[in-house]
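Reading through the structure tokens given below for one structure.
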Amino acid sequence: PPEVAAISGFPKSLLVDSSGSPILASKIPVNSPIITIYEYPLTGEPNFLLNLGDSSGKPVKLPPATVVVPQTGDKYTWPGGVGPYGSIVSYSAICQHLGCQPPYIHFYPPNHVNSAQESAPEPDTLTPQAVAAAQSNHVPAIFHCDCHGSTYDPYHGAAVLTGPTVRPLPATILEWDSSTDYLYAVGSIGVGIYPTGSNGVPSKDPKSDLESSFGSSVGTKTTVKETEN
Ligand code: FES
């Protein structure tokens, strides 16, 4: 299958915090995602910025990974982590199933996946399928969308672990300047069609609106047929 090319032509953009100060890579806490709003892939979209660690809280060096798009079979190369430990990543925080955004889609850190029902962050609806997918793929932490149970692998380019999503989370390509510790967004990869609800509009209330459309398929893998607009 053809490679999905990264979108080129984006300007290089310094990542800053809400007060306008540059975000310092070495100051990003391990396993605590920051929800940032920046211009990748589109203006004003939420993204996860994350310093990924193992279950003991040590940063994990993340090499490039091949990401498969289940919808098409296309593949692309995610460039891996950046920063002092090669552990900093950024992904779109818009679920590629039907567009749920935080707090519906969120990061379950290590030690929350295996004991999902006891200690997971709210809202607490991590499915048994999601836990099984994390375990069988040997990843200690996942992104999970509470709307219909999609899960993504933060250690390998936000590849799909469980559906109903058939697209990975788009990744923001980061650059780290070791002399200043600043981070820059330099592009996006894996950008697909903006997911929409069955009425063609991203849902504001996915819990009540969308689950009724999918019924018992919620949380199962690849059995949901999305409505084309
Ligand atoms: Fe995320 Fe449906 S919108 S699983």
Side-chain angles (χ1 to χ4, degrees), residues 33-37 40-42 44-50 67-72 78 89-109 112-113 116-117 120-137 139 141-172 188-229:
I34 302 169
I35 306 291
T36 65
I37 307 291
Y40 290 85
L42 296 172
E45 291 195 348
N47 288 262
F48 293 110
L49 179 64
L50 189 50
V67 179
V68 178
V69 182
Q71 184 178 38
T72 59
W78 172 71
V89 299
S90 183
Y91 302 109
S92 170
I94 300 174
C95 182
Q96 293 295 296
H97 175 223
L98 292 175
C100 282
Q101 299 190 16
Y104 294 109
I105 182 169
H106 56 116
F107 176 72
Y108 278 79
H112 288 280
V113 172
Q117 298 311 314
E122 296 295 326
D124 184 1
T125 55
L126 197 60
T127 59
Q129 293 95 326
V131 175
Q135 288 169 344
S136 65
N137 287 277
V139 289
I142 54 173
F143 292 117
H144 181 261
C145 181
D146 292 329
C147 293
H148 318 98
S150 294
T151 50
Y152 304 88
D153 179 347
Y155 297 83
H156 301 98
V160 176
L161 288 175
T162 59
T165 182
V166 289
R167 292 182 290 267
L169 294 179
T172 299
S188 273
I189 193 166
V191 180
I193 307 154
Y194 189 83
T196 56
S198 56
N199 57 357
V201 177
S203 178
K204 291 276 188 291
D205 189 6
K207 285 279 192 196
S208 58
D209 286 355
L210 299 180
E211 287 192 0
S212 58
S213 332
F214 293 96
S216 60
S217 301
V218 170
T220 61
K221 187 167 182 164
T222 64
T223 52
V224 173
K225 192 96 173 70
E226 289 190 42
T227 304
E228 297 296 336
N229 302 294

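Order of appearance sets the numbers: ligands from 1, and atoms from 1 within every ligand.
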For this session: Could you tell me which N, O or S atom of His97 is nearest to atom 2 (Fe) of ligand 1?
Result: ND1

Problem set entry | Name of whichever N/O/S atom of His148 is nearest to atom 2 (Fe) of ligand 1 | ND1

Exercise. Between the side chain of Ser150 and the main-chain N/O of Thr165, is any donor-acceptor distance below 3.5 Å?
Worked result: yes

Problem set entry | Ala130 backbone acceptor or donor facing Thr162 side chain under 3.5 Å | no

Exercise. So Phe143 and Phe48, would you call those rings parallel, tilted or perpendicular, with 30° and 60° as cut-offs?
Worked result: parallel

Problem set entry | Check: Ile142 and Asn137 side chains under 4.5 Å, non-hydrogen atoms | no

Exercise. Has Cys100 got an N, O or S atom lying less than 2.8 Å from atom 2 (Fe) of ligand 1?
Worked result: no

Problem set entry | N/O/S from Cys145 sitting under 2.8 Å away from atom 2 (Fe) of ligand 1 | no

Problem set entry | Per-atom contacts of ligand 1 with Ser150, taking only distances under 4.0 Å to non-hydrogen atoms | 4 (S)

Exercise. Can you check whether Cys147 and Cys95 have SGs under 2.5 Å apart?
Worked result: no

